[in-house]
Amino acid sequence: MSKGRVFIISGPSGSGKDTLLKILFERYPNMKFSISSTTRPMREGEVEGEKYNFISKESFLSMLANDELLEHNEFVGNFYGTPKKPVMDAVSSGEDIIIEVDVNGAAQIREKMPEVISIFIMPPSLEVLKARLSKRGTETKALVEKRLCAALDEIRRAEEYNYIIVNDALDEAIEDITTVINSEKFRLDRQQYLINQILDKA
Ligand code: 5GP
């Protein structure tokens with residue numbers, strides 16, 4: 001059995017990443033999603049255990065101390081981390097998994113798992129990014145400003161990724177990300193056995 005593939009998806013708040021991911025999971029019902037642990041307060045409409053496990057700072061620090069996190073980061077005053085076990089379980093049982101992390105988390109995962117496929121979701125322009133951030137309406141102006149600064153810092157590091165998908169028209173972005181996920185199956189390192197299959201019998 002071949003190992004599961006690990007996709008990292010990053011993109012600043014306002015890149016439209018959440019909507020993209022939601023549609024992606026409808027298309028790939030067998031794709032696993034890595035549920036992050038965070039100390040950030042739950043926003044309206046969020047559900048415990050769907051995208052995040054909302055935990056206390058103490059619990060987060062104890063996961064960290066017990067080496068239960070594949071990566072972690074502090075973002076705008078809160079901790080976020082990827083629990084290690086679900087990712088390792090998916091890989092060893094041949095299931096594909098998507099990990100949504102910020103650029104720092106992505107860099108930590110790449111160090112430990114160089115084979116990961118990383119995709120950066122880019123907003124189409126600065127204007128659109130600003131508009132999307134202020135439209136959210138669940139956060140104060142100061143927090144929106146902080147998120148904008150963080151977004152620009154993330155975009156500066158987009159060149160660390162294997163793929164960049166511009167999320168302007170949602171349908172097109174979905175097609176583009178689907179193309180990446182599908183074509184990754186055909187990489188030489190996952191298909192090497194096909195060459196041997198024929199040559200061994202020749
Ligand atoms: P938000 O608070 O808007 O849900 O997420 C803020 C940032 O944290 C986003 O850039 C998101 O990708 C990132 N993030 C979400 N989960 C994780 C995680 O497990 N680890 C890291 N490093 N970043 C995360």
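Counting convention: from 1, in listed order, for ligands and their atoms alike.
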What atoms of ligand 1 come within less than 4.0 Å of a heavy atom belonging to [X]?
X	result
Lys17	9 (C), 10 (O), 11 (C), 12 (O)
Asn73	22 (N)
Glu71	18 (C), 19 (O), 20 (N), 21 (C), 22 (N)
Tyr52	1 (P), 4 (O), 5 (O), 15 (C), 16 (N)
Ser36	16 (N), 17 (C), 18 (C), 19 (O)
Glu154	10 (O)
Arg40	1 (P), 2 (O), 4 (O)

Closest by any non-hydrogen atom to atom 22 (N) of ligand 1: pick that one out of Val101, Asn104, Asp102.
->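 Considering heavy atoms of Val101, Asn104, Asp102, the nearest to atom 22 (N) of ligand 1 sits in Asp102.
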Pair Asn53, Ser37: side-chain N/O donor-acceptor within cut-off below 3.5 Å | no
Do Tyr193 and Asp200 have side-chain atoms, one donor and one acceptor, less than 3.5 Å apart?
-> no
Return yes or no for this condition: an N or O of [X] is under 3.5 Å from an N or O of ligand 1.
X	value
Ser37	no
Glu46	no
His72	no
Gly81	yes

Would you find a donor on one side and an acceptor on the other, under 3.5 Å apart, between the side chain of Lys51 and the backbone of Glu46?
->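 Side chain of Lys51 to backbone of Glu46, a donor-acceptor pair under 3.5 Å: no, none is there.
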Would [X] and [Y] pass as an ion pair if we require N to O under 4.0 Å?
X	Y	result
Glu115	Arg187	no
Glu184	Arg5	no
Glu154	Arg147	no
Lys32	Asp89	no

Could you give me the CA-CA distance, side-chain angles and deciding distance for Thr82 and Gln108, then say whether side chain to side chain contact (heavy atoms under 4.5 Å, CB included) is met?
-> CA-CA 11 Å; Thr82 303; Gln108 292 171 49; over 6 Å; no
In sequence, state the C-alpha distance, the side-chain angles, and the governing distance for Tyr163 and Asp176, and then conclude on side chain to side chain contact (heavy atoms under 4.5 Å, CB included).
-> CA-CA 10 Å; Tyr163 297 94; Asp176 292 344; over 6 Å; no
Looking only at heavy atoms, is any part of Glu74 under 4.0 Å from ligand 1, and if so is it the side chain, the backbone, or both, or is it neither?
-> neither
What do you reckon, does Arg43 put a non-hydrogen atom under 4.0 Å from ligand 1?
->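 Judged by the 4.0 Å heavy-atom criterion, Arg43 does count as contacting ligand 1.
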